[in-house]
Amino acid sequence: MRKALTKSAALGMASLLCALSLAGCGAAPAAKPADTAKPGEAAKPADGAKPADGAKITGDFEIQYFVGGYGDGWWKEVIGEFQKKYPDLKIKQSAGSQINDQMKPRWIQGNPPDVVYIDGAGSNETQMVKDDQLMDISDWVKSAKNADGDKLTDQLIAPPQDYNGKNYTIPLVFGSWGTFYDETLFKKNGWTVPTDWDSFLATSEKIKASGISPYIHTGKYPYYIVGGLLNSGFVSENGDNPQILKDQEAAKEKAFKNDAVAKTLQKLVVMRDKGYFDNASFGINHTDSQMLFLQRKDAMIPNGLWLENEMKKDVPADFKFGFIPSVMQKPGGKSIAIPYTSNIAIAKKAKNPEAAKAFVQFIFTKKAATRWAELTGAIMNVKADLEATTASGVVKTAMKYFNSSNTIVAPVFKLNADLEQAESDATIALLQKKITPDEWMERMEKAAAKVRGSK
């Protein structure tokens, strides 16, 4: 499921999620675009127009959104409420499972919608920024307030995506990698839920002694163990500074060869040498590894917050998902959340930028975030208390971590495709004892140097 997302979207990050279901994992049947009005032909204001606060919101307004695992219930509801607030608007919804491909000609021709939700097959945020299709919202978003009058950026779990110091998008869906476990199994056996590296080792030892493998991963897609285990370790060993991930994204020299990386890789070696990994991990895909986890052949698994929803048809009745953002931190250290997101943006050539900004301000509220959780089973990128909602238990647990001052939410980042492949290959080779941590780092430094040389 995450294959499509991690290979085509900036993972840089989120979440949550085909399971919290991300678009790459099971799109909904094609939905016909819902037209309520034709796109307007009003003259295009200058890029970076003033905030929508206090402006009269009227005219034609078009929203493009992909319909996949999350469905379209939230979109229809929130757009309906936005229409009530601004009755003079003529809103057009361009939506469906194939909407990205359907709308591509219009983007190329310079006739885009006003707002776009960037998710699903056929979408690529990085390419849209490169092609200068999205509005630079850097100055506006710094002072923008949401519909409740709160500073918009203060409400976000993950900040607007940074592109060389500029912002063009805001994460709408927030997901996180981490380690999952079965609360029922842990309670039955009296195992302590890990809170750091030491407790993780102690619990893993007890699990192994019981005859169950402590940890399983999908060897066919190593980015699961990289996202769910290694990246949080890099940040933790880097003094809780996530800049190391952005340096890796930029393929900077020594970003993959330093003390933080070396110490993290050594922890992976400890897990390997202690026999904590299920031997079945190598060569199996994500679905097979998840099935072994659900069958309680393995106690823990690295994955994303879409896991519960993706496997909902196979979950045992007494199985209860538990979630830990990271396990490699030192005792007393902060949890590290490695995010992935799906973002929303305003077109640079939007015909109604004031309405577009008003819409963005309208949706980034706790009320909208609560409804998103209830209607999609995922997390919207807004700090909200979900305890009283119908969101799943694992989503509520994840949100508690994200709202906590003891959790560091790393920035969304995405490695170059060649770097990602090199990291996947090196990680599997390390787990199979074919290379050492030093050789892992040397491989990655050579791959990064090649990327730098091609720029």
Side-chain angles (χ1 to χ4, degrees), residues 28 30-45 49-68 70-97 99-100 102-103 106-107 111-120 134-135 137 140-141 144-150 152 155 169-173 342-347 349-376 378 380-382 384 389:
K32 295 180 179 179
D35 298 341
T36 57
K38 295 182 179 179
E41 298 297 334
K44 184 180 80 67
K50 295 180 180 179
D53 300 7
K56 182 173 177 60
I57 307 302
T58 186
D60 297 310
F61 175 57
E62 184 178 8
I63 305 169
Q64 174 185 333
Y65 60 90
F66 170 79
V67 180
Y70 301 130
D72 60 2
W74 181 85
W75 288 100
K76 291 184 178 300
E77 182 174 293
V78 76
I79 291 172
E81 293 177 353
F82 185 66
Q83 178 73 82
K84 291 178 182 178
K85 182 171 182 178
Y86 298 107
D88 293 334
L89 272 181
K90 295 179 180 179
I91 302 177
K92 175 181 180 179
Q93 299 179 48
S94 294
S97 63
I99 196 62
N100 296 323
Q102 293 168 0
M103 295 290 286
R106 285 185 50 191
W107 283 94
N111 180 33
D114 299 289
V115 169
V116 57
Y117 168 56
I118 307 171
D119 194 3
L134 304 180
M135 179 184 290
I137 59 171
W140 172 74
V141 78
K145 294 183 178 181
N146 67 8
D148 294 332
D150 300 316
L152 194 152
Q155 310 306 307
T169 66
I170 303 175
L172 179 68
V173 180
S342 295
N343 300 344
I344 195 165
I346 299 173
K349 293 185 178 181
K351 299 178 181 67
N352 198 340
E354 294 301 332
K357 291 176 180 178
F359 182 73
V360 171
Q361 292 169 290
F362 185 80
I363 63 176
F364 280 98
T365 64
K366 288 181 171 59
K367 177 184 176 182
T370 296
R371 289 299 290 150
W372 176 272
E374 291 177 336
L375 292 171
T376 70
M380 186 174 158
N381 185 39
V382 172
T389 72

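The basis for the numbers below is simple: all heavy atoms, side chains too, and nothing from hydrogens, waters or symmetry mates.
Residue Asp114 holds its CG atom at 10.0 Å from OG of Ser94, rounded to the nearest 0.5 Å. Atoms CZ and CG, on Phe82 and Leu89 in that order, are 5.5 Å from each other to the nearest 0.5 Å. The line from CD1 of Ile170 to CG of Leu152 is 5.5 Å long, rounded to the nearest 0.5 Å.
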**Item:** Lys351 vs Asn111, side-chain hydrogen bond (donor to acceptor under 3.5 Å, both in side chains): CA-CA, chis, key distance, verdict
**Value:** CA-CA 9 Å; Lys351 299 178 181 67; Asn111 180 33; 2.4 Å; yes
**Prompt:** Is there a ring pair (Phe, Tyr, Trp, His ring centres under 6.0 Å) between Trp75 and Tyr117 once you walk through the steps?
**Reply:** CA-CA 10 Å; Trp75 288 100; Tyr117 168 56; 5.2 Å; yes
**Prompt:** Can you check side chain to side chain contact (heavy atoms under 4.5 Å, CB included) on Leu172 and Phe364, steps first, answer last?
**Reply:** CA-CA 8 Å; Leu172 179 68; Phe364 280 98; 3.9 Å; yes
**Item:** Working for side chain to side chain contact (heavy atoms under 4.5 Å, CB included), residues Trp140 and Val360
**Value:** CA-CA 12 Å; Trp140 172 74; Val360 171; 4.0 Å; yes
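Under the 3.5 Å distance criterion, the side-chain polar atoms of Asn352 are matched with a main-chain donor or acceptor of Asp60. Without hydrogens or angle criteria, Glu77 side chain to Gly80 main chain gives no donor-acceptor distance under 3.5 Å.
Inter-residue side-chain proximity for Lys366 and Met380 is flagged as unmet; no heavy-atom pair is nearer than 4.5 Å. Counting heavy atoms from C-beta outward, Val115 and Phe61 have side chains that approach closer than 4.5 Å. Two residues are said to be in side-chain contact when any heavy atoms from C-beta on lie closer than 4.5 Å; Asp119 and Tyr65 fail this criterion. Taking 4.5 Å as the limit, every side-chain heavy atom of Val173 sits out of range of all side-chain heavy atoms of Thr376. Between Arg106 and Glu62, the closest side-chain pair of non-hydrogen atoms falls below 4.5 Å.
Gln155 and Thr365 are not linked by any side-chain donor-acceptor pair at a separation below 3.5 angstrom, with hydrogens and angles left out of the test. Counted by atom type alone, Asp88 and Thr58 present zero donor-acceptor pairs between their side chains at under 3.5 Å. Looking at Trp107 and Gln64, their side chains do bring a donor and an acceptor atom within 3.5 Å of each other.
Aromatic ring pairs are classed by plane angle as parallel below 30°, tilted from 30° to 60° and perpendicular above 60°; the pair Trp74 and Trp372 is perpendicular.
Scanning both residues, Pro112 and Ala347, for their nearest heavy atoms gives CG-CB, 3.7 Å. Looking at every heavy atom in both residues, Ser97 comes nearest to Phe66 through O-CE1, 3.3 Å.
A salt bridge does not link Asp148 with Lys367: every distance from a Lys NZ or Arg NE/NH1/NH2 to an Asp or Glu carboxylate oxygen is 4.0 Å or more. The pair Glu81-Lys76 does not meet the salt-bridge criterion, since no charged nitrogen lies less than 4.0 angstrom from a carboxylate oxygen.
Checked options Val78, Ile57, Asn146; the residue passing with Phe362 is Val78 (criterion: side chain to side chain contact (heavy atoms under 4.5 Å, CB included)). When Val141, Ile344, Leu134, Ile137 are each tested for a side chain to side chain contact (heavy atoms under 4.5 Å, CB included) with Thr169, only one passes: Leu134.
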